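Notes follow the structure.
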Number of protein chains: 2
Amino acid sequence: MPTPDRTSLDDIVAAGREILEAEGPAKLTMQAVALRVGVRAPSLYKRVKSRDDLIGLIAESAVSDLALRLQRASTLEGRPDARQYLVALAHEFRAFARANPAGFHLIFASAPSPTSPDVILLARAAQPLMEATAQLAGPENALDAARTVTAWANGFISMELAGAFQLGGDVDRAFDFGISRLADSLAAEPIASSAARTS
Amino acid sequence: MPTPDRTSLDDIVAAGREILEAEGPAKLTMQAVALRVGVRAPSLYKRVKSRDDLIGLIAESAVSDLALRLQRASTLEGRPDARQYLVALAHEFRAFARANPAGFHLIFASAPSPTSPDVILLARAAQPLMEATAQLAGPENALDAARTVTAWANGFISMELAGAFQLGGDVDRAFDFGISRLADSLAAEPIASSAARTS
DNA sequence: ACCTGAACACCGTTCAAGT
DNA sequence: ACCTGAACACCGTTCAAGT
C-alpha cells in the first residue's frame, strides 16, 4: 500500500512564501521549507522541479493575491471619477507591497530569470489599472498610460522598500505628489510633441 | 621579504563587475573572481570582507559610472530648456541601464541589504536631475518632482529589463509617452489637490 | 605581508533503498 | 507512490603553514 501524502504543493508554496517574507531569500532553503511542512528536503522534489521553480510558484502566488486586491478595490470603490479610482489603485498597490515586500520584490524587481511569473496572471492583475487609464487618457493611450503609472508605482515602491529615499523630505507627500501629477498629466492634452516635430 | 602584491582591490571589483554583467549573479563566485585576477579564492579576503561586501563595492562602482554619465549629459547638452534637459537625462539613464543591466539592477532593484550603495554617491548621481526638476517644478517641489521622475524611470527600466512589458505595443513609444507627460505635469500647475480639501 | 592548500559548514540535487 | 539517508558537487569562509 502506498503511503498517504504527508504534504502538498500548496503547503510547500505557502511555507516558502512565509519563510521568504519572514526571513528573506537567503533563508529560503529547501531544508527550511521541508522542515516547515514536516518532510525531508529530497521529498520536495516530488512536487517541485527545483528551488528556482519553487520561487517562480511563490511569485505567481503573490501575483494572484495582488490581482485579487486590485479587483476588490475596483468593486469596493463605487466608481467615482477615474482620477480618484486611479489614486485608490495606487494606494492599494502600495499597501500590498508593504504587506508583502518580498513578494512584491519577486514580482517586479527580479532580474530576468526562470522565476518570473506567468504573463497571463500579470495581465489579469493589470486589468483594473487598464480600465482606469483608458477612462483618463482615452483608449488609444490606455496601454502607454498604464505602463507609465505601473512604472512609476513600481519604481517608487521599490525605492521605498530599498530605503533609497534618504535625502529627507516626506515620502508619503512624495507619493501623493507623484500620483496626483500623473493623473493630471494623463487626463490633460499633451502640451507638445517634440518628437513629432523633429521627424 | 614580503611577496609583491599579485592583485588589487580595483582589479577585484572590476573583475567581479565584468563577471556579473557577462554571466549573472549566480556565476559571481569568489572562485570565479579569484581565477580572473590570477589568485586563489581565500586571498580575496585580504581586500574584501565577504562576498556581500564585494557586491556592495561593485554597486558603488556602477553608481559612480552612472553619476559620470549624467554629469556629462548635463554639460554636453548646452542647456536648452529644462524640459529637453529632463528628457535627455531620462534617455541617458536608460542607456546606462542597457549597457549595465546587472549594475543597474544592483543599484535600484536590490532588496534592502548590506550591499546597498552609499547615500552620498547616490545623492551625487541625482544632482543633475534635481537641477532639472527644480527648474521645471520650482525649488519647493524639486525633491518630490525628482522622486517622481526617478521612480518612473527606475520602474520603467526595471520592468523593461525584466521583460515585464509583454502586452504588446511599442516600448520606445511608451517611454517617450511617459517622460513627455511627466515633464508636462511637472511644469504645469496642479489641477486640484483633493487631499487639501478633505482635511 | 600576501598567498595557498586543507578543512569546515552549508547549500541544491540525485538516487537507491525502504514502506 | 511517496519518503528517506547517504552521497555528490559546489558554495563561502577560516586558518595554519608557507614564502
Side-chain angles (χ1 to χ4, degrees), chain A residues 1-61 102 106 110-116, chain B residues 1-61 102 106 110-116:
Chain A
M1 185 160 54
T3 68
D5 293 14
R6 228 166 286 179
T7 183
S8 70
L9 183 59
D10 282 352
D11 280 356
I12 292 170
V13 173
R17 199 171 157 193
E18 284 160 22
I19 294 170
L20 183 68
E21 291 293 353
E23 317 210 45
K27 293 292 184 69
L28 179 64
T29 66
M30 298 304 269
Q31 209 188 118
V33 174
L35 179 72
R36 188 176 264 251
V37 300
V39 114
R40 301 288 179 158
S43 300
L44 298 179
Y45 292 85
K46 282 285 152 183
R47 337 239 174 205
V48 142
K49 245 196 293 284
S50 66
R51 181 175 181 269
D52 275 351
D53 184 38
L54 173 58
I55 292 177
L57 293 171
I58 293 171
E60 292 193 351
S61 153
L106 211 52
S110 277
S113 74
T115 68
S116 302
Chain B
M1 184 159 53
T3 67
D5 293 14
R6 230 166 285 178
T7 183
S8 70
L9 183 59
D10 281 353
D11 279 357
I12 291 170
V13 173
R17 199 171 157 193
E18 283 160 22
I19 294 171
L20 183 68
E21 291 292 352
E23 318 210 43
K27 293 291 184 71
L28 180 64
T29 66
M30 299 303 270
Q31 209 187 116
V33 173
L35 180 71
R36 189 176 263 252
V37 300
V39 113
R40 302 287 179 159
S43 300
L44 298 179
Y45 293 84
K46 281 285 151 182
R47 338 240 175 203
V48 142
K49 246 194 292 283
S50 66
R51 182 174 180 269
D52 275 351
D53 184 39
L54 173 58
I55 292 177
L57 293 171
I58 293 172
E60 291 193 352
S61 153
L106 212 52
S110 278
S113 73
T115 67
S116 302

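Since the model is a prediction, treat every value here as computed from it, not as a measurement. Just so it is clear, the values below take in all heavy atoms, side chains as well, and ignore hydrogens, waters and symmetry mates. Each chain gets a letter, A, B and so on, in the order its sequence line appears, and its residues count up from 1.
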Thr7(B) near the nucleic acid: base, sugar-phosphate alone, or nothing, with a heavy-atom cut-off under 4.0 Å?
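Thr7(B): backbone/sugar contact only, no base atoms under 4.0 Å.
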Short side-chain N/O contact to dT4(D) OP1/OP2 from Arg6(A), under 4.0 Å
yes
Please determine whether a side-chain nitrogen or oxygen atom of Ser43(A) lies at a distance below 4.0 Å from atom OP1 or OP2 of dT4(D).
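For dT4(D), OP1 or OP2 has a side-chain N or O of Ser43(A) closer than 4.0 Å.
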Protein-to-nucleotide contact annotation, 5' to 3' order, nucleotides 6-15 of chain D [B base; S sugar-phosphate only; - none; under 4.0 Å, heavy atom]
B----SSBBB
Would you give the length of the straight line joining atom [atom1] of [X] to atom [atom2] of [Y], rounded to the nearest 0.5 angstrom?
X: Arg17(A); Y: Ile55(A); atom1: CZ; atom2: CD1; result: 14.0 Å
X: Glu18(B); Y: Leu28(B); atom1: CD; atom2: CG; result: 11.5 Å
X: Asp53(B); Y: Leu44(B); atom1: CG; atom2: CG; result: 11.5 Å
X: Thr29(A); Y: Arg51(A); atom1: OG1; atom2: CZ; result: 8.0 Å

Return the nucleotide paired to dC10(C): Watson-Crick means purine N1 to pyrimidine N3 with N6-O4 or O6-N4, wobble means G-U with N1-O2 and O6-N3, both under 3.5 Å.
none
Once you apply the 3.5 Å cut-off to both distances, tell me the Watson-Crick or G-U wobble partner of dA16(D), or none.
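Pairing partner, where one exists within any strand: dT4(C).
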Whether over 12 other heavy atoms sit under 6.0 Å from Glu23(A) CD:
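Atom CD in Glu23(A) is packed in, count exceeds 12.
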I want to verify a distance call: between dC3(C), dC2(D), dC3(D), whose nearest atom is closest to the Val39(A) side chain?
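My answer, after comparing the listed nucleotides, is dC3(D).
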Nearest to the side chain of Arg40(A), which nucleotide is it out of dC2(C), dT4(D), dC3(D)?
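The listed nucleotide nearest to Arg40(A)'s side chain is dT4(D).
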Basic-acidic side-chain contact under 4.0 Å: Arg47(A), Asp10(A)
no
Output the rounded distance in Å from CG (Leu9(B)) to P (dC3(C)).
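Spelled out: CG on Leu9(B) to P on dC3(C) is 12 Å.
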